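Inspection log for the structure reproduced underneath, given as structure tokens.
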Amino acid sequence: MTENIDWQKRISPVVQAIPPSGIRRFFDIAAEMEDVISLGVGEPDFVTPWSIRESCVYGLEQGYTSYTANRGLWELREEICALQKRNFNIDYDPKTNVLVTVGVSEALDIAMRAILTPGDEILIPEPCYVSYKACASLAGAVAVAVPAKIENNFSITPADLEAHVTNKTKALLIGYPNNPTGAILTKEQLMDIAKFAQEHDLIVISDEIYGDLTYGGERHVCFAGLPGMKDRTILLNGFSKAYAMTGWRIGYAMSNPAIISAMTKIHQYTMLCAPITAQIAAVEALRHGEKYMKKMVSEYDKRRRLIYDGLTNAGLKCFEPKGAFYIFPDITSTGLTSEEFAEQLLMKEHVALVPGTAFGQCGEGYVRCSYATSVTKISEAIARIEHFVQHCKK
Ligand code: PLP
């Protein structure tokens with residue numbers, strides 16, 4: 001006898017209310033088509049550099065197959081702290097200030113769960129990475145979107161934030177270099193945000209996963225390195241993008257001992273530890289991987305210039321990205337919505353990209369193209385987009 005149970009009704013209302021990621025839908029369609037060029041996924045097309053892979057193989061040969069400390073391998077925590085000292089002159093203690101996580105994804109989730117209680121508000125500049133709002137909802141909190149506009153180079157100012165702050169605001173989440181716009185913030189802009197955070201006594205979650213990927217002489221400024229911000233910031237970073245290690249699932253969080261202990265508590269019950277194989281590889285990445293990372297960054301820079309020029313010549317207004325590996329062209333001149341543009345481009349020209357609305361309502365009028373793919377594919381995609389745009393404008 002089959003039972004007639006409505007399982008959908010058994011799903012937690014919190015989970016039911018979260019929409020599925022707007023990125024995936026188009027990939028399910030694209031996966032069934034031939035000859036598709038994808039500018040959709042936010043994933044390096046490079047394989048993890050060999051010396052990093054080899055360190056993992058060697059670790060396995062040596063029998064490193066166990067759990068590690070909840071907070072992560074000591075050597076890895078030491079290397080992570082040494083990196084912050086080297087790059088930003090910030091002093092972190094490997095014992096109390098760092099937690100190794102299963103990617104920045106896990107770090108985002110547990111950072112929010114550690115500091116937010118139901119009903120709290122967290123300010124999130126939009127457009128932004130798809131997980132931010134969902135993680136806030138899963139923590140029972142309310143994500144308050146702060147629109148970042150192209151007129152301001154997709155940056156946000158204290159005035160933008162001030163317009164959305166309430167007595168329930170507990171935190172601010174910034175993600176620069178930005179996915180999807182490619183915007184970065186200058187030290188002065190970040191100092192203004194730091195002042196705002198201090199005035200309103202907010203914790204700042206700073207997702208700096210694209211921090212190594214900046215171009216044209218611009219250097220990433222670490223938010224935690226600004227005066228007075230080290231303890232107030234939960235700095236998140238990882239290996240997925242800079243070291244082409246998306247599949248390894250490894251990242252980290254850094255903050256004051258109380259916050260790191262609270263995050264570790266959630267991590268120990270839900271994840272226990274990050275995979276030891278990935279942790280061993282991450283140690284190698286930090287010890288010897290920088291030269292490979294720099295090579296990949298210079299390759300992304302070439303592609304960035306190619307796609308910026310190509311899409312601009314194709315008749316789309318583009319903000320020149322300064323970091324990450326995305327460009328976010330304005331497609332309003334075609335008369336189509338973001339969803340229509342993405343869907344019709346896929347059907348007619350077999351190019352997959354992501355509608356701007358996947359990154360929040362203020363992404364309407366834009367699409368996100370990733371240039372973490374080969375020059376040949378980018379060139380062909382530009383030609384197809386140009387053909388499509390000309391057809392739309394007729
Ligand atoms: N943060 C941002 C801004 C991202 O774009 C991504 C992945 O695309 C992540 C976090 C997740 O990274 P990880 O692979 O470390 O979980």
Side-chain angles (χ1 to χ4, degrees), residues 21-24 26-27 38-46 48 52 72 76 80 98-112 122 124-136 138 143 148 154 156 172-185 204-214 220 222-223 233-254 263 267 270-271 274-275 278-279 281-282 285-286 289 293 300 321-328 353-354 356 358-360 363 368-373:
S21 162
I23 297 184
R24 282 288 139 200
F26 285 89
F27 296 107
S38 178
L39 304 181
V41 277
E43 174 157 18
D45 59 327
F46 298 108
T48 308
I52 299 176
L76 178 54
I80 291 167
V98 49
L99 171 65
V100 175
T101 58
V102 180
V104 171
S105 300
E106 190 216 350
L108 277 165
D109 175 32
I110 64 177
M112 290 203 225
I122 176 166
I124 307 182
E126 257 187 29
C128 67
Y129 179 51
V130 292
S131 294
Y132 297 165
K133 201 172 168 187
C135 286
L138 287 169
F154 290 115
I156 42 149
L172 162 67
L173 169 45
I174 51 175
Y176 293 91
N178 185 259
N179 172 9
T181 62
I184 62 169
L185 297 186
V204 180
I205 302 177
S206 186
D207 177 355
E208 302 186 17
I209 192 165
Y210 296 102
D212 284 313
L213 277 65
T214 57
H220 173 64
C222 178
F223 193 79
T233 305
I234 310 180
L235 166 62
L236 309 183
N237 209 333
F239 298 81
S240 287
K241 314 291 174 169
Y243 294 95
M245 290 177 69
T246 48
W248 297 78
R249 312 308 308 126
I250 184 91
Y252 54 90
M254 310 187 89
M263 289 174 67
H267 174 79
T270 54
M271 215 58 68
Q279 294 192 56
L286 293 183
M293 181 259 282
Y300 292 137
K322 297 284 187 333
F325 40 51
Y326 310 103
I327 187 164
F328 204 56
L353 37 71
V354 184
F359 309 97
R368 186 193 79 174
C369 312
S370 160
Y371 49 87
T373 192

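Just so you know, residue 1 is the first one in the sequence shown, and it goes up from there. For ligands, and for the atoms within them, numbers begin at 1 and follow the listed sequence. Since we're looking at a predicted model, the values are computed, not measured. Just so you know, these numbers use all the heavy atoms, side chains as well, and skip hydrogens, waters and symmetry mates.
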| query | If we only count N/O pairs under 3.5 Å, is Ser240 in contact with ligand 1? | reply | yes
| query | For ligand 1, which part of Ser105 has a heavy atom less than 4.0 Å away: the side chain, the backbone, both, or neither? | reply | both
| said: Before we go on, tell me: are the rings of Tyr210 and Tyr326 under 6.0 Å apart, centre to centre? | reply: yes
| Applying a 4.0 Å heavy-atom criterion (strictly less than), which segment of Phe239 is in contact with ligand 1: side chain, backbone, both, or neither? | neither
| message | With a heavy-atom distance limit of 4.0 Å, tell me whether Trp248 approaches ligand 1 through its side chain, its backbone, both, or neither. | response | neither
| request: For the residue pair Tyr243 and Phe239, categorise the inter-ring angle as parallel (less than 30°), tilted (30 to 60°) or perpendicular (more than 60°). | output: tilted
| request: Considering non-hydrogen atoms only, spot the tightest contact between Ala107 and Leu236 and give its length. | output: CB-CD2, 3.8 Å
| task | Name the closest protein heavy atom to atom 2 (C) of ligand 1, giving the residue it belongs to and the distance to 0.1 Å. | result | Asp207 OD2, 3.4 Å
| Considering only the protein, which heavy-atom contact is closest to atom 8 (O) of ligand 1, and what is its distance? | Lys241 NZ, 2.6 Å
| request: Could you tell me whether Arg249 approaches ligand 1 through its side chain, its backbone, both or neither, with non-hydrogen atoms closer than 4.0 Å? | output: side chain
| Counting only N and O atoms by type, is there a donor-acceptor contact under 3.5 Å from the side chain of Asn237 to the main-chain atoms of Glu208? | yes
| note | Between the NZ atom in Lys241 and the CD atom in Glu43, the distance rounded to the nearest 0.5 Å is 7.0 Å
| Which pair of non-hydrogen atoms, one from Ala244 and one from Phe46, has the smallest distance, and what is that distance? | CB-O, 3.6 Å
| Taking every non-hydrogen atom, the tightest pair across Met245 and Ala282 | CE-N, 4.3 Å
| remark: In ligand 1, the atoms that come under 4.0 Å of a heavy atom of Gly103 are 15 (O), 16 (O)
| task | Could you tell me which non-hydrogen atom of Thr101 sits nearest to which non-hydrogen atom of Tyr252, and how far apart they are? | result | OG1-N, 3.3 Å
| Got the closest protein heavy atom to atom 6 (C) of ligand 1, with its distance? | Tyr129 CZ, 3.3 Å
| note | If you scan protein heavy atoms around atom 15 (O) of ligand 1, the nearest is Val104 N, 2.7 Å
| What are the two closest non-hydrogen atoms of Pro177 and His220, and how far apart are they? | CD-ND1, 3.6 Å
| Which heavy atom of the protein is the closest neighbour of atom 12 (O) of ligand 1, given with residue, atom name and distance? | Ile209 CD1, 3.3 Å
| query | Between Tyr132 and ligand 1, is there a nitrogen or oxygen pair with a distance under 3.5 Å? | reply | no
| Of the backbone atoms (N, CA, C, O) and the side-chain heavy atoms from C-beta on, which set of Asn179 has a member under 4.0 Å from an atom of ligand 1: side chain, backbone, both, or neither? | side chain
| task | Between Glu43 and ligand 1, find which residue part has any heavy-atom pair under 4.0 Å and reply side chain, backbone, both or neither. | result | neither
